[in-house]
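One structure is given below, encoded as C-alpha cells.
Values below: all heavy atoms of this structure, side chains included; hydrogens, waters and symmetry mates excluded. In listed order, ligands and their atoms are each counted from 1.
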Amino acid sequence: MERENIGNLIVISGPSGVGKGTVCRSLLKKIEVVYSISATTRRKRPGEIQGKDYFYYTREEFEKKINEDAFLEWARVYGNYYGTPIEFVDQILHEGKDCILEIDTQGALQVKEKRPEAIFIFILPPSKEELIRRLTGRGTENEKEINTRIGKLEEELAHLCDYDYKIINDNIEIAAEKIKAIIVAERCRVKKNK
Ligand code: ADP
Ligand code: 5GP
C-alpha cells in the first residue's frame with residue numbers, strides 16, 4: 001500500500017534565554033531533522049549569519065511578505081516581526097523529513113490552528129533566577145531589551161497548557177536527548193492525527 005510519507009512538524013517555544021537555540025543546536029547533531037530558518041526585522045547579533053540564523057528583513061520587506069502570504073505564521077515579538085517562511089517548511093515535510101520551528105507562543109497558536117497535527121514542545125528554565133542569569137549572561141541585549149523579555153515571562157508561561165510536552169532545560173545534553181526521544185516516539189505513531 002502506497003501512502004504519502006509526510007514529515008512531522010515540531011514546534012519548540014519557551015521564554016527568551018531559556019536555551020531554545022542552544023538545545024536545538026545540540027538536537028540537530030543527535031537526530032536528522034531540519035531547522036526552519038525564520039525571517040525577522042530584529043537587528044543581527046554579533047556572530048549571527050544571514051540565511052543561517054535568520055533572514056534579516058526591513059519592516060517594509062517583511063510586510064510585503066505578509067501580504068504575499070509567504071508565512072505559515074508570523075508575530076510581533078519584543079517589538080520586532082518574526083515569521084516562518086511557508087514554502088520551505090512544506091517542501092521539507094513533503095520530502096518526508098521532520099521540520100523544527102523555534103517560534104514564540106503567538107506563532108505556535110497560529111500553527112495549531114492551521115496544522116493541528118503538529119507536535120508542540122515547551123522549554124522551561126530550572127528557575128526564574130537562572131533564566132535571568134542566562135539572558136543577562138548571553139550579553140546580546142541591552143538592559144531595556146532584557147527587561148522587555150523578562151516582562152513577557154509570565155504571559156509566555158501561561159501558554160504551557162497549549163503544548164503537548166514540557167522540557168526543563170537544566171542540562172543542554174539531557175534536554176536535547178528528551179526532545180530526540182519525543183521525535184523518535186512520534187515517528188512510531190500509528191495514527192498521526194491526535
Ligand atoms: P534562547 O534561544 O531560548 O533565547 P539561548 O539558546 O540563546 O536561548 O541561550 C541563552 C543563554 O543560556 C546562552 O548563553 C546559553 O549558552 C545559555 N544556556 C542554554 N542552556 C543552558 C543550560 N542548560 N545551562 C546553562 N546555560 C545554558
Ligand atoms: P530572538 O530575538 O531571541 O532570536 O527570538 C525572540 C523570540 O522570537 C523567541 O521567542 C523566538 O522563539 C521567537 N521567534 C523566532 N523566530 C520566530 C518565528 O518565525 N515566528 C515567531 N512567531 N516567533 C519566532
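Between Arg42 and Glu145 no salt bridge is recorded (no basic side-chain N to carboxylate O distance below 4.0 Å). In summary, Asp90 and Arg115 engage in a salt bridge, as defined by a charged side-chain N under 4.0 Å from a carboxylate O. Using a 4.0 Å cut-off between charged nitrogen and carboxylate oxygen, Lys97 and Glu32 do not count as a salt-bridge pair. Ion pair Glu60/Lys64 not flagged as a salt bridge, since none of the NZ, NE, NH1 or NH2 atoms sits closer than 4.0 Å to an Asp/Glu carboxylate oxygen.
No donor-acceptor pair under 3.5 Å is formed between the side chain of Lys178 and the backbone N or O of Ile167. Side-chain atoms of Asp164 come within 3.5 Å of backbone atoms of Phe120 as a donor-acceptor pair (strictly under, hydrogens ignored).
Using bins of under 30°, 30° to 60° and over 60° for the plane-to-plane angle, the ring pair Phe62/Phe71 lands in the parallel bin.
Against a heavy-atom cut-off of under 4.0 Å, Asn171 is close to the following atoms of ligand 1: 23 (N). Less than 4.0 angstrom separates some heavy atom of Ala75 from each of these atoms of ligand 2: 22 (N). Per-residue contacts place Gly107 under 4.0 angstrom from the following atoms of ligand 2 (heavy atoms of the residue considered): 22 (N). Remark: ligand 2 atoms within the under-4.0 Å shell around heavy atoms of Glu102 are 12 (O), 14 (N), 15 (C), 16 (N), 17 (C), 24 (C). The contact set between ligand 1 and Ile172, taken as ligand atoms under 4.0 Å from a residue heavy atom, comprises 20 (N), 21 (C), 22 (C), 23 (N). Within the listing of ligand 2, atoms 19 (O) sit less than 4.0 angstrom from a heavy atom of Thr84. Residue contact check: Asp170 has heavy atoms under 4.0 Å from atoms 23 (N) of ligand 1.
Given atom 5 (P) of ligand 1, the protein heavy atom at minimum distance is Thr22 OG1, 3.5 Å. When only non-hydrogen protein atoms are considered, atom 7 (O) of ligand 1 lies nearest to Arg138 NH1, 2.8 Å. Of all protein heavy atoms, the one closest to atom 10 (C) of ligand 1 is Gly17 O, 3.5 Å. What sits closest to atom 16 (N) of ligand 2 on the protein, heavy atoms only, is Ser38 OG, 3.1 Å. Given atom 6 (C) of ligand 2, the protein heavy atom at minimum distance is Tyr82 OH, 3.5 Å. Distance from atom 20 (N) of ligand 2 to its nearest protein heavy atom, with residue and atom name: Glu73 OE2, 2.8 Å. Protein heavy atom at the shortest distance from atom 26 (N) of ligand 1 is Arg134 NE, 3.5 Å. Of the protein's non-hydrogen atoms, Asn169 ND2, 3.0 Å is the one closest to atom 20 (N) of ligand 1. Ranking the protein heavy atoms by distance from atom 8 (O) of ligand 1 puts Gly19 N, 3.1 Å first.
In this structure, Ile37 is not a member of the same hydrophobic cluster as Val34, with clusters built from ILVMFWY side-chain heavy atoms closer than 4.5 Å.
Not a single heavy atom of Glu156 sits under 4.0 Å from any atom of ligand 2. Ligand 2 is approached by Tyr54 to a heavy-atom distance shorter than 4.0 Å.
No part of Glu145 comes within 4.0 Å of ligand 2, judged by heavy-atom distances.
Side-chain contact check for Gln91 and Glu95: at least one donor-acceptor pair (N or O, by modelled atom type) lies under 3.5 Å. Between the side chains of Tyr78 and Glu141, no donor N or O sits under 3.5 Å from an acceptor N or O. With 3.5 Å as the limit, one finds a donor-acceptor pair spanning the side chains of Tyr35 and Glu102.
At under 3.5 Å, a nitrogen or oxygen of Asp104, whether backbone or side chain, sits near a nitrogen or oxygen of ligand 2. Considering backbone and side-chain atoms alike, Tyr78 places every N or O at 3.5 Å or more from each N or O of ligand 2.
One finds the OG atom of Ser13 at 7.0 Å from the CD atom of Glu156 (value rounded to the nearest 0.5 Å).
The residue from Gly21, Pro15, Ser16 that puts a heavy atom closest to atom 2 (O) of ligand 1 is Gly21. Around atom 3 (O) of ligand 2, the closest heavy atom drawn from Glu141, Arg42, Arg45 belongs to Arg45.
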**Prompt:** Passes side-chain contact (heavy atoms from CB on, under 4.5 Å), Ile121 versus Ile179? Steps please.
**Reply:** CA-CA 8 Å; Ile121 302 174; Ile179 298 178; 3.9 Å; yes

